[in-house]
Structures are given as C-alpha cells and as structure tokens.
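For reference, the structure discussed in these notes is given below.
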Amino acid sequence: DTGVSQDPRHKITKRGQNVTFRCDPISEHNRLYWYRQTLGQGPEFLTYFQNEAQLEKSRLLSDRFSAERPKGSFSTLEIQRTEQGDSAMYLCASSFSGGELFFGEGSRLTVL
Amino acid sequence: RKEVEQDPGPFNVPEGATVAFNCTYSNSASQSFFWYRQDCRKEPKLLMSVYSSGNEDGRFTAQLNRASQYISLLIRDSKLSDSATYLCAFKRVSNFGNEKLTFGTGTRLTIIP
C-alpha cells in the first residue's frame with residue numbers, strides 16, 4: 001500500500017496521559033499536514049511541514065501539542081496531558097508541492 | 001463571519017433525483033476550490049476541483065461564482081452509492097505565505113431507494 005498510513009488507528013487513553021501518533025506520507029511527497037476532525041465538523045488545520053520544516057501552526061494547537069518531521073519523511077504528533085476535549089480524529093495528509101492532498105485513514109483518539 | 005459556510009443537511013434524496021449543494025467563503029483571497037467526499041468513518045477523498053468556467057465529471061458538475069463567493073456541486077441521477085458527506089474546501093496563501101486548505105463542515109447526503 002503506497003498511500004498515507006497512520007498509526008495507531010484507534011487510541012483510548014485516560015485524561016492526563018500523553019499520546020503520540022505517527023504518520024507516514026506518500027514517499028515522494030514533500031508536504032505533510034495534520035488536521036483534526038470532530039463529529040459533524042470538517043477537518044480543521046493544525047500544522048504543516050514542508051520537508052522537515054514546520055512552517056505553520058494553528059492557534060488550535062496549544063502548548064500541549066507538538067509535531068515533528070525530523071528527516072522530512074514520517075511525522076509524529078504528540079499530545080501531552082490529554083484532556084477530554086482532545087477526543088477527535090487526527091488526520092494526516094500529504095502532497096507534492098501543493099498538488100492534490102491525500103489523506104490517511106486517521107487516528108481516532110478517545111480521552112476518558 | 002465563518003471562513004467557510006456549508007449547510008450541514010442532512011439531505012435525504014430519492015434515488016435518481018438531482019441534488020445541489022452550495023458553499024460560501026468569506027476570504028476573497030481564496031485561490032483554488034475543491035469538493036471532497038467523505039464516507040462514514042473514512043478519510044476525505046478529492047471528488048473534483050472547481051474551475052472558474054465550471055466543470056463536469058460524469059454526473060457531477062461544479063461551479064464557481066467569485067462575485068458572490070460561493071461554489072456549488074450538482075449531482076444528477078443520484079445513486080445509492082452517492083450517500084456520503086460532501087466537504088467543500090478552499091486553498092489560499094496564509095499570512096505566513098504558505099498554502100493552506102480550509103474545509104467546510106460538510107453536507108450529509110443520503111440517497112433513499
């Protein structure tokens with residue numbers, strides 16, 4: 001499968017715990033995006049990388065959120081001290097230089 | 001005013017009917033326009049781009065009205081398999097000079113046999 005892959009697909013955690021999601025983009029894609037989607041809403045932009053550089057972060061991304069793309073390939077999104085309001089689907093997408101965006105299947109987070 | 005406004009529906013439409021959705025945007029700097037389809041508990045997938053002159057792909061027609069700042073999607077001869085959520089999306093250059101895709105809330109469509 002050469003699409004965008006995300007891991008884990010589902011994560012249930014207790015409030016206050018840290019969680020980390022991984023995204024492997026399509027191999028030749030230089031741009032990688034993280035979005036968050038809650039029920040009944042469209043995807044909301046969180047952050048964006050071009051190669052290894054994080055070029056923009058949404059105000060939605062509090063200090064508890066951090067994203068990295070250390071070698072310009074895979075990316076991780078970490079949420080520290082999770083809160084119930086963090087429960088959502090976290091979507092990763094990639095593109096080549098602003099072309100079509102391809103999404104992964106998402107990582108669904110439930111914070112109890 | 002929200003950056004993107006889209007009627008969430010639901011639209012319940014009999015099979016074979018024609019259905020249309022609109023999506024308005026507030027930022028006149030929006031440069032590119034798209035319709036995405038999202039099936040239940042799946043990721044969004046690009047349905048079609050929207051061009052200034054309007055474009056058609058089989059039973060689907062997309063239109064752009066820059067003066068009134070909206071895009072539309074028309075589905076003719078609707079099929080059961082068209083049941084999904086349809087998301088409009090706009091790409092513009094952000095304040096940081098980066099391209100950013102902004103999505104609407106989605107319109108839920110159910111085709112009834």
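Scope of the values below: all heavy atoms of this structure, side chains included, with no hydrogens, waters or symmetry mates. Throughout, a chain's letter reflects where its sequence line sits, starting with A, and its residues are numbered from 1.
The local environment of CZ in A/Arg108 is crowded, with over 12 non-hydrogen atoms from other residues, nucleotides or ligands closer than 6.0 Å. For A/Arg64, the CZ atom counts as densely surrounded, since its 6.0 Å shell holds more than 12 non-hydrogen atoms of other residues, nucleotides or ligands. More than 12 heavy atoms of other shown residues, nucleotides or ligands fall within 6.0 angstrom of atom CG in A/Leu60. In the displayed structure, A/Leu112 atom CG is contacted under 6.0 Å by more than 12 heavy atoms of other residues, nucleotides or ligands.
Proximity to chain A is limited to the side chain of B/Lys91, based on heavy atoms less than 4.5 angstrom apart. Neither the backbone nor the side chain of A/Phe102 comes within contact range of chain B; no heavy atom of the residue lies under 4.5 Å from a heavy atom of that chain. The part of A/Gln37 that comes within reach of chain B is its side chain, from C-beta onward, which places non-hydrogen atoms under 4.5 angstrom from that chain. If you measure heavy-atom distances from B/Gln6 to chain A, you find no contacts under 4.5 Å at all. The contact between B/Pro44 and chain A is made by backbone and side chain atoms together, counting heavy-atom distances below 4.5 Å. Looking at A/Glu105, both its backbone and its side chain come within 4.5 Å of chain B, counting heavy atoms on both sides. Both the backbone and the side chain of B/Leu101 come within less than 4.5 Å of a heavy atom of chain A.
Hydrophobic clustering (side-chain heavy atoms under 4.5 Å, transitive across Ile, Leu, Val, Met, Phe, Trp, Tyr) keeps B/Phe21 apart from B/Tyr70. Both B/Phe90 and B/Val50 belong to a single network of hydrophobic side chains, linked directly or stepwise wherever heavy atoms of I, L, V, M, F, W or Y lie under 4.5 Å apart. In terms of hydrophobic clustering, with Ile, Leu, Val, Met, Phe, Trp and Tyr side chains grouped at heavy-atom distances under 4.5 Å, A/Leu61 and B/Phe103 are assigned to different clusters.
To the nearest 0.5 Å, the span separating CD on B/Glu43 from CE on A/Met89 amounts to 9.0 Å. How far CG of B/Leu46 is from CZ of A/Phe103: 10.0 Å, rounded to the nearest 0.5 Å.
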*In sequence, state the C-alpha distance, the side-chain angles, and the governing distance for A/Leu101 and B/Tyr36, and then conclude on side-chain contact (heavy atoms from CB on, under 4.5 Å).*
CA-CA 10 Å; A/Leu101 224 62; B/Tyr36 279 74; 3.6 Å; yes
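The nearest pair of heavy atoms linking B/Lys100 to A/Phe45 is CE-CD2, 3.7 Å.
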Run the side-chain donor-acceptor check on residues 67-75 of chain A: report pairs under 3.5 Å with partners two or more places apart or on a different chain.
residue	atom	partner	partner atom	Å
A/Arg69	NE	A/Gly72	O	3.3
A/Arg69	NE	A/Ser73	O	2.8
A/Arg69	NH1	A/Asn30	O	2.7
A/Arg69	NH1	A/Asn51	O	3.0
A/Arg69	NH2	A/His29	O	3.2
A/Arg69	NH2	A/Gly72	O	2.9
A/Arg69	NH2	A/Ser73	O	3.4
A/Ser75	OG	A/Trp34	NE1	2.9
A/Ser75	OG	A/Glu68	O	2.8

